[in-house]
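Here's the structure we're looking at; comments come further down.
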Amino acid sequence: MLEIKGLSKSFGGIHAVQNIGFDVPKGDIVSLIGPNGAGKTTCFNLITGFYRPTQGRVLWDGADVTATSPCRMAQLGVIRTFQKTNVLRNLTAYENLMHAHYLRDRTSFWRVFWPDARVAAARAEIRESSQAILGLMGLGKRADVQAGSLSCGELRLLEVGVALAARPRLLMLDEPAAGLNTREADGLAELLAGLPGKWVESILLVEHNMNLIMKVSDSIVVMNFGKKLAQGTPGEIQRNEEVLEAYMGKAA
Ligand code: ATP
């Protein structure tokens with residue numbers, strides 16, 4: 001579904017991403033891992049059009065979408081989250097979800113004031129979908145709580161929910177387990193594993209929580225100093241000497 005071919009990005013003398021290539025097939029959860037500064041978020045920014053690559057191409061359903069604007073990528077079904085949470089803190093959890101649906105569902109200016117039956121039906125559908133996503137996230141009882149008052153774990157879940165409300169085909173999550181405790185991270189892993197085929201087609205995940213990565217990934221791409229170090233199943237990556245060295249340093 002998503003094909004990354006020879007992607008590179010330099011910032012002056014810093015080669016943040018160098019000749020990276022991998023695919024995200026339909027139905028899969030692919031994880032991008034690597035030590036701090038390896039170039040993972042830069043990859044996300046290149047795929048979603050926040051950065052223009054120095055070299056390389058991004059293909060979506062076989063079409064070249066390199067450097068397509070983030071808004072257009074979102075309309076095509078590529079929805080991402082950010083490391084720093086971007087939910088609207090003054091709105092309730094439910095209002096955040098309602099708001100997120102409007103990426104796809106548009107209403108003309110005048111229809112806001114004089115809604116017709118079609119608009120009323122769309123609104124009812126959005127309300128229903130928002131409730132369903134809150135339920136899926138386990139936030140049903142927190143619907144009317146302001147996002148700014150939610151716990152870190154709840155906020156992370158809401159963020160995934162907001163991304164789902166935009167009806168992604170590919171959901172790209174940048175460190176969704178950051179700040180979660182073990183129990184919360186396990187819950188998130190279970191939730192993510194159940195999304196492909198039901199709520200999304202595929203997931204591309206950047207995460208430092210190895211437990212979660214090993215539980216949910218169909219394949220893992222390992223980056224180090226901007227380059228692809230390895231790619232394989234969780235089992236293959238766990239046994240890869242170069243990967244262990246990148247994370248833990250060379251054994252004496
Ligand atoms: P982390 O796990 O800490 O989030 P990462 O693997 O996501 O790290 P990136 O944030 O992609 O790594 O950064 C890769 C390199 O590119 C780093 O050396 C970083 O300082 C540099 N970099 C990223 N964005 C920019 C930018 N806008 N301008 C200059 N350098 C940048």
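For ligands, and for the atoms within them, numbers begin at 1 and follow the listed sequence.
- Given atom 13 (O) of ligand 1, the protein heavy atom at minimum distance is Thr42 OG1, 3.8 Å.
- Given atom 8 (O) of ligand 1, the protein heavy atom at minimum distance is Gly37 N, 2.8 Å.
- Ligand 1 is approached by Glu175 to a heavy-atom distance shorter than 4.0 Å.
- Comparing Val206, Leu32, Asn36, Asn224 against atom 1 (P) of ligand 1, the shortest heavy-atom distance belongs to Asn36.
- Listed by number with element, the atoms of ligand 1 under 4.0 Å from a non-hydrogen atom of Ala38 are 5 (P), 6 (O), 12 (O).
- On a distance-only criterion, Phe11 and ligand 1 share no N/O pair closer than 3.5 Å.
- For the pair Gly34 and ligand 1, the shortest N or O to N or O distance does not fall below 3.5 Å.
- Given atom 12 (O) of ligand 1, the protein heavy atom at minimum distance is Gly39 N, 3.2 Å.
- Checking atom 19 (C) of ligand 1 against the protein gives no heavy-atom contact under 4.0 Å.
- To the nearest 0.5 Å, atom OG1 of residue Thr42 and atom NE2 of residue His15 are 13.5 Å apart.
- Of the possible donor and acceptor atoms, none in the side chain of Asp23 sits under 3.5 Å from a partner among the backbone N and O of Glu3.
- In summary, the atoms of ligand 1 found under 4.0 Å from a heavy atom of His208, numbered by their order in the structure, are 2 (O).
- Side chain of Lys228 to main chain of Gly21: a donor-acceptor pair is present (N/O by atom type, distance under 3.5 Å, no hydrogens or angles).
- With a heavy-atom cut-off of 4.0 Å, Phe225 does not touch ligand 1 at all.
- To the nearest 0.5 Å, atoms CD1 (Ile79) and CE (Met172) are separated by 10.5 Å.
- Between Ile14 and ligand 1, not a single N/O pair is under 3.5 Å apart.
- In this structure, atom 4 (O) of ligand 1 lies nearest to the protein heavy atom Gln83 NE2, 3.0 Å.
- The existence of a salt bridge linking Asp174 and Lys40 is excluded, since no basic side-chain nitrogen approaches an acidic carboxylate oxygen closer than 4.0 Å.
- A donor-acceptor contact shorter than 3.5 Å links the side chain of Gln146 to the backbone of Asn90.
- Stacking of Arg80 on the aromatic ring of Phe50 is recorded, both the 6.0 Å distance cut-off and the 45° axial limit being met.
- Remark: the backbone N or O of Glu125 is not paired with any side-chain donor or acceptor of Glu128 at under 3.5 angstrom.
- Of the protein's heavy atoms, at least one falls inside 4.0 Å of atom 16 (O) of ligand 1.
- Residues Val58 and Ile4 have side chains in contact (heavy-atom distance under 4.5 Å, counting atoms from C-beta outward).
- With Thr41, Asp174, Val17 as candidates, the residue nearest to atom 10 (O) of ligand 1 on a non-hydrogen basis is Thr41.
- The closest donor-acceptor contact from the side chain of Ser31 to the backbone of Ile220 lies at 3.5 Å or more, if one exists at all.
- For the ligand labelled ligand 1, residue Tyr51 lies inside the 4.0 Å heavy-atom shell.
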